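Values below: all heavy atoms of this structure, side chains included; hydrogens, waters and symmetry mates excluded. Small disclaimer: the values here were computed from a predicted structure and weren't measured.
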Amino acid sequence: MTENDKKISFRRVLEVIKELLGWRFFPFITAIWILACYYLGWDLVGIYFVCIIGIAMVLTLKDLTPVVPHILFFNVLVSCQNSPLNFDGVVGSTFYTQTAVIAQIAVLVVLLIAAIIARLVITGKKAKFTPNATFWSICALAVAFLLNGFGSENYTIKNLLYAAVFGAILLVIFVLIKSNSSLTEENFKSIAWGFVAFSALLVFELAMKYITDFDKVFVDGHIEKTGFLMGWGVWNNLGAYISICIPPVCILAAKYKHGYAFLLYATALVACAFLSGSRQAMLGSSFAFAVSGIALIIKSRARLINSIIIGVILAAVIIVLIVKWDAILSILDRLLSNIFDDNGNYLGNGRMRLIKLALDYFKANPLCGSGFYSEFESFELTGMTGNLIPTFAHNTIMEILGTCGVFGIGAYVCHRVVTVIDFLKQPTQNKYFIAMGLATLLFICLFDNYIFYILPTMAYAALLPFATGKPQ
C-alpha cells in the first residue's frame with residue numbers, strides 16, 4: 001500500500017467515525033454503554049467512554065451539536081457499587097478516593113480540556129465567534145461570582161477557585177457550542193433525540209428500582225423516596241433530570257407526522273417523575289408538560305391528535321381528582337407533612353432555615369455576600385463530593401444573594417433578563433422547547449442546587465445557545 005493509499009484509507013475511516021459521532025441516534029449507543037457500566041460497576045469504563053467520545057467529537061466534528069446531548073450523560077456515570085454517597089447508615093464506597101482512580105480521571109479531564117482549548121483556538125483563528133448579549137451577561141455573572149465573599153469574615157481561597165471553575169465552565173462551553181453549532185431544524189431534532197435517549201436511561205433505572213427493590217421504594221401503600229439511591233444521585237436528581245427532558249422531547253412531538261407518539265412518551269415521563277417520589281420533580285414535570293402541551297396545541301404537525309390526547313389527559317386528571325379526592329388528600333397530607341407546620345407556616349423540609357441563614361449572610365456582607373463556602377445548615381447527603389462542592393441554600397436566588405451579595409444577584413438578574421430578550425428577538429418553536437427545558441431546570445432550582453453542581457452547569461451552558469441564538 002502506497003503512502004497515498006494509506007492517506008485515503010485514513011480519511012475514509014475518519015469520515016466513518018465522524019458520521020457515527022454525528023448520527024442523531026448515537027446517544028442511544030451511549031445510553032446502552034452507560035447502563036451496562038452502571039449495573040456492572042464499571043465506572044471507569046464509562047468515564048473513559050464519555051471522555052474519549054467527547055474528545056473525538058470536539059476535535060473531528062464540524063458542527064458540535066452532538067456534544068450537547070453527550071454532556072447529559074456525564075451526570076449519570078457513578079454506579080451504586082462505587083458511589084461515595086453516605087445515607088441512612090450506609091457508608092459510601094472509597095472507590096473514588098483511590099489514587100489510581102483519581103489519576104486516571106484527572107488525565108482524562110486534562111485531555112478533554114486540552115481538546116476543548118484546541119478547538120477554541122481554531123475557532124478564534126477562523127473568527128467564528130460573534131458575542132451576543134447573553135455572552136456578555138455570562139461574563140458579568142462570572143466576574144460577580146469571582147467576588148463572592150470578598151471582605152467577609154470567613155473568606156477562603158476556595159471561594160475564588162470554585163467561582164473560577166464555575167464561571168469558566170459557563171463561558172467556555174457557551175462559546176464552544178455557540179461558535180460551532182448551527183440552529184437548524186435537523187440540529188434541534190438531534191438534540192431532542194439525545195434527550196429521548198437520556199430520559200430512556202433514567203426511566204430504565206427507575207423501573208429497575210421498582211422491579212428489584214419494590215419493598216424499599218413502595219412502603220405501606222406509599223412511595224418511599226429514600227429507596228431511590230442511584231449511585232450518581234438520589235430521588236431528587238432522578239426526578240429533576242426526567243422533568244428537564246420533557247420539553248426537548250416535545251420537539252419531536254411537534255415536528256413529526258406521528259409526533260403524538262412522543263407526546264405520549266412525554267406523558268410517561270411525567271408519570272415517571274411522580275414515581276420518583278421527588279416533590280420538586282412533581283412540580284417541575286407538571287410545569288414542563290403544561291408549557292409544552294400549550295405549544296403543541298398552538299402549533300404541531302399532528303396538531304389535532306396532539307390536542308385530543310392533551311384534552312383526554314386533562315379530563316382524566318379531573319376525573320381522578322373528583323373520584324379519588326379523599327385518597328388524594330391523604331397523599332397530599334403525606335407529601336406536605338414537613339413542608340408546613342401545624343400553624344401553616346412554611347418550613348420547606350428545612351429550606352426556610354436555609355433561606356433565613358442566607359439572609360443573615362447577606363446582611364453580614366451586603367456587597368459581596370459571605371462566599372460560596374459559607375456554612376449552611378447541613379441538609380446535604382454527605383460523601384458525594386467531599387468538601388469540593390459547598391453546601392447550598394436550596395434556592396438559586398437566596399443562594400446568590402447570601403453568598404455573592406448585591407453584585408451577584410444584580411448580575412444574575414441581568415443574565416436572566418438578557419437571555420429572555422435574546423430568545424424573544426427571533427423566537428421559534430424549536431428555541432421555545434429548549435428554553436422551556438432550561439426554565440424547568442431553573443424552576444426546580446428554586447428548591448434545590450443543580451445549577452451549582454458543575455455537571456448540570458455544563459448542560460445549562462451547552463443548551464443556552466440553542467435558546468438564545470439566531471436560528472438558521
Side-chain angles (χ1 to χ4, degrees), residues 21-22 24 54-72 74 112-143 145 165-192 194-195 244 247-248 251 411-412 414-439 441-442 451 454-472:
L21 296 178
R24 65 172 56 175
I55 291 168
M57 285 179 171
V58 169
L59 293 180
T60 64
L61 296 180
K62 182 179 180 180
D63 189 302
L64 293 184
T65 299
V67 172
V68 178
H70 188 70
I71 286 174
L72 299 173
F74 280 80
L112 183 57
I113 292 172
I116 292 172
I117 292 173
R119 184 59 182 258
L120 287 174
V121 170
I122 295 171
T123 299
K125 287 182 177 180
K126 293 182 178 180
K128 294 175 66 177
F129 178 66
T130 303
N132 63 355
T134 295
F135 167 76
W136 294 117
S137 73
I138 295 174
C139 290
L141 193 63
V143 171
F145 282 173
V165 170
F166 187 87
I169 287 173
L170 280 175
L171 281 169
V172 169
I173 293 182
F174 178 83
V175 172
L176 179 73
I177 300 301
K178 184 180 184 301
S179 306
N180 296 282
S181 300
S182 300
L183 274 65
T184 63
E185 184 81 5
E186 290 306 309
N187 280 348
F188 277 104
K189 288 180 181 177
S190 293
I191 292 174
F195 272 96
I244 294 162
I251 290 175
Y412 182 72
C414 175
H415 175 61
R416 286 276 64 85
V417 171
V418 166
T419 53
V420 172
I421 292 173
D422 273 349
F423 165 75
L424 292 174
K425 283 179 180 177
Q426 289 182 291
T428 66
Q429 190 178 46
N430 288 328
K431 286 175 61 177
Y432 172 83
F433 283 119
I434 298 298
M436 288 304 101
L438 293 176
L441 169 63
L442 296 171
I451 202 68
I454 302 302
L455 294 178
T457 307
M458 293 167 58
Y460 171 81
L463 287 166
L464 202 53
F466 286 89
T468 61
K470 185 177 181 180
Q472 297 175 350

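Contact of the Ile434 side chain with the Ile191 side chain is registered, since non-hydrogen atoms from C-beta on lie closer than 4.5 Å.
Checked against side chain to side chain donor-acceptor pair (under 3.5 Å), Thr134 has the following partners two or more places apart in sequence or in another chain: Asp422. With sequence neighbours excluded, no residue forms a salt bridge (Lys or Arg N to Asp or Glu O under 4.0 Å) with Lys470. The side chain to side chain donor-acceptor pair (under 3.5 Å) search around Asn132 returns none, not counting sequence neighbours. Every ring-ring contact (aromatic ring centres under 6.0 Å, His included) that His70 has, sequence neighbours left out, goes to Phe74. Listed by chain and residue number, nothing satisfies the salt bridge (Lys or Arg N to Asp or Glu O under 4.0 Å) test with Lys431 (two or more places apart in sequence, or in another chain).
If you take OH on Tyr460 and CD1 on Ile71, they are separated by 14.0 Å, rounding to the nearest 0.5 Å. In this structure, CE in Met458 is found 11.5 Å from CG in Leu463, a value given to the nearest 0.5 Å. Rounded to the nearest 0.5 Å, atoms CG (Leu438) and OG1 (Thr419) are 8.5 Å apart. In this structure, Leu141 CG and His415 NE2 are separated by 6.0 Å, a value rounded to the nearest 0.5 Å. The NZ atom of Lys62 lies 12.5 Å from the OG atom of Ser181; values are rounded to the nearest 0.5 Å. Within the model, atoms OG1 of Thr123 and CD1 of Ile117 stand 12.5 Å from one another, a figure rounded to the nearest 0.5 Å.
Considering every non-hydrogen atom in both Leu112 and Gly54, the closest pair reads CD1-C, 4.0 Å. Shown here for Leu61 and Pro66, the closest heavy-atom pair between the two residues is CD1-CG, 3.8 Å. Heavy atoms only, all atoms of each residue included: Ala192 and Pro248 are closest at CB-O, 3.3 Å. What you find for Gly469 and Pro471 is that their closest heavy atoms are O-CD, 3.4 Å. The two residues Pro465 and Ala461 have their closest heavy-atom pair at CD-O, 3.1 Å. Taking each heavy atom of Ile244 and Gly437 in turn, the nearest pair found is CG2-O, 3.8 Å.
At distances below 3.5 Å, at least one donor-acceptor pair connects side-chain atoms of Thr457 with backbone N or O atoms of Ile451. Under a 3.5 Å cut-off, the side chain of Asn187 and the backbone N or O of Ser182 do form a donor-acceptor pair.
Here Phe433 and Phe188 keep their ring centres 6.0 angstrom or further from each other.
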Self-check item: Step-by-step side chain to side chain contact (heavy atoms under 4.5 Å, CB included) determination, Phe466 to Thr65
Solution: CA-CA 9 Å; Phe466 286 89; Thr65 299; 3.6 Å; yes
Table please: side-chain donor-acceptor pairs of residues 166-179 below 3.5 Å, with sequence neighbours left out.
| residue | atom | partner | partner atom | Å |
| --- | --- | --- | --- | --- |
| Lys178 | NZ | Thr130 | O | 2.7 |
| Ser179 | OG | Val175 | O | 2.7 |

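Between Asn430 and Thr428, the side chains place no donor N or O within less than 3.5 Å of an acceptor N or O (distance only, hydrogens not considered).
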